[in-house]
There are 2 protein chains.
Amino acid sequence: MFSKTCEYAIRAILFIAQKSKQGVKVSIKDVAKGIDSPEFFLGKILQELSRKGIVKSLKGPTGGFYLDDESMQYSLADVVIAIDGDKIFNGCGLGLKQCSEKQPCPIHKEFKKIRSDIFKLLENSKLGEFNDLLDKRLAVLKR
Amino acid sequence: MFSKTCEYAIRAILFIAQKSKQGVKVSIKDVAKGIDSPEFFLGKILQELSRKGIVKSLKGPTGGFYLDDESMQYSLADVVIAIDGDKIFNGCGLGLKQCSEKQPCPIHKEFKKIRSDIFKLLENSKLGEFNDLLDKRLAVLKR
DNA sequence: TTAATAAAAGATATTTTTATCTTTTATTTT
DNA sequence: AAAATAAAAGATAAAAATATCTTTTATTAA
C-alpha cells in the first residue's frame, strides 16, 4: 500500500505528535527506538518531512523534533503525499498512465471508490488525533 | 497499491482471457504489445502464472498462452496473491509485523475495512468477466 | 527427421528502494 | 570561547524490484 519509507514516516510523526503533546522534543534516536525503525534511515525521512514543514526541528542540545499546534493540524494524507506522492490517491490501479473516465482500465470505477475511501480516511486523520489512544496504549507504533 | 509486476500480470491475464474467449492463443510478444509492457519481463511473469496454474501455456508453433474454462473462473484476487502475496489483504497499513485487534496500529480498524473492500472487489472479479467490456473497447489495457 | 516456432529456464544488468556512515552546521551549556 | 549535542547534508552501500539477453526444451509443420 505505502512504501516502507512512508510507513516509517507515519509512525514517526505519530510518535512525535504524542511526545509533543507532552511538551517534549525527541531526537532521531528516540523516535527510532519508539517506532522500531533503522535510525539513520529515519533521519533522512524526518529531514524530508522537516523540509516540507510537516515536522519542526531544532539543532543542538535540547534540540530535536516536535510538532507545534499548526503542524498538529496536518493529516496523515499530507504525510503520505509528502513521502509517496499522490499516486495512491490518483494513480490507476493497473498502472495505466492515461487511465480516465473516458479511457478507463477494467476496474477503474471500483478502484476510484477504494482510492477515495483511503484518501478520506487519511485526510480525516489529523496528526494530533491519536495521542490519547497511544497514551492509553490502546494502539502501538512498534512491532 | 500493487507492484508493477502485479499490474502487468493483471493486464496480461485479462488480455489473454479476452483472446481466449475468441478461441485464440497468444504469444508473449502479442501480449506485451497488447498491454504495453516490456516483453522479456512479461515472459517471466507469465511463466510464474503458468507455474501456479492460473494461465495455461503450450510450446512450439501454434503454441502460446490461453485460459481454459477452469482458469476463467480464477479471480483477480488469485492473480494478486500469486504475484504479490496476501500482504495487501492481511498486512498492517503501517508495516507492523504483529498488528492485530489486541495490539493494533492507530489505523487498524479503518484499514481493515479498506483491505476487506479491496479483497471483495478483486475476489468478485472473475477473469472472464471483462471480455465484453474489452471487446466493446469500453475499457482498455494499455497506455 | 529436420527446420521453425514459442515457452521455460537460467544468467546478467539496470534501476529503485532501503539502509548506513561521515562530515558539516547550528545551537546550547559550561 | 570551547566542548558537547543534535539535526542537516552528503556520500556510499546493500537489497529488492524491474528489465534484458541467452540457452534449453517441447511441439509442430514441412
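Letters A, B, ... are given to chains in the order of the sequence lines, protein chains preceding strands, and every chain is numbered from 1. Here the structure is a predicted model, which means the values were calculated and not measured.
Both A:R51 and A:P61 lie close to DNA chain D; mapped to their nearest nucleotides by heavy-atom distance, the more 5′-ward contact belongs to A:P61.
The side-chain heavy atoms of A:D117 and A:K113, taken from C-beta on, include a pair separated by under 4.5 Å. B:C105 is listed as a side-chain neighbour of B:H108, based on a closest heavy-atom distance under 4.5 Å. In this structure the side chain of B:I88 reaches within 4.5 angstrom of the side chain of B:M1, judged on heavy atoms. Side chains of B:V140 and A:P104 form no contact here, defined as non-hydrogen atoms less than 4.5 Å apart. The shortest side-chain heavy-atom distance between B:L138 and B:D132 does not fall under the 4.5 Å cut-off. Side-chain contact check for A:L141 versus A:I10: every heavy-atom pair is 4.5 Å or farther apart. Under the 4.5 Å side-chain criterion, counting only non-hydrogen atoms from C-beta, A:E48 is not in contact with A:K44. The shortest side-chain heavy-atom distance between B:V24 and B:Y66 does not fall under the 4.5 Å cut-off.
Screening B:R143, B:K142, B:R11 against B:D36 for a salt bridge (charged side-chain N to carboxylate O under 4.0 Å, His left out) leaves a single residue, B:R143.
Under a cut-off of 6.0 angstrom, the local environment of CG in A:D68 is crowded, with over 12 non-hydrogen atoms contributed by other residues, nucleotides or ligands. The environment of A:K33 atom NZ is sparse: at most 12 non-hydrogen atoms of other residues, nucleotides or ligands sit within 6.0 angstrom.
Taking the charged nitrogens against the carboxylate oxygens, B:E7 and B:K4 have no contact shorter than 4.0 Å, which rules out a salt bridge. A salt bridge between A:K112 and A:E101 is present, with a side-chain N of the basic residue lying under 4.0 Å from a carboxylate O of the acidic one.
Near DNA chain D, meaning a heavy atom under 4.0 Å away, the residues from residues 1-11 of chain B are B:S3, B:K4, B:T5, B:Y8. Of the residues in residues 79-93 of chain A, not one places a heavy atom less than 4.0 Å from an atom of DNA chain D. Heavy-atom distances under 4.0 Å link DNA chain D to B:P38 of residues 16-38 of chain B, given in residue order. For residues 39-50 of chain B, proximity to DNA chain C is found at B:K44, B:Q47, B:S50, defined as any non-hydrogen atom under 4.0 angstrom from a strand atom.
Ring-centre distance between A:F65 and A:F15: not below the 6.0 Å cut-off.
One distance of note links CG of B:L122 with CG of B:D78; it measures 10.0 Å at 0.5 Å rounding. B:L14 contributes atom CG, which lies 5.5 Å from atom CG of B:L76 (distance to the nearest 0.5 angstrom).
Inspection of the A:D135 and A:Q22 side chains reveals an N or O donor paired with an N or O acceptor under 3.5 Å.
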Would you write out the dot-bracket form of DNA chain D, 5' to 3', with Watson-Crick and G-U pairs under 3.5 Å, [ ] for crossing pairs, | for pairs to other strands and . for unpaired bases?
||||||||||||||||||||||||||||||
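Chain A approaches DNA chain C over the interval C:dT18 to C:dT29, counting the first and last nucleotide 5' to 3' with an atom under 4.0 Å from its heavy atoms.
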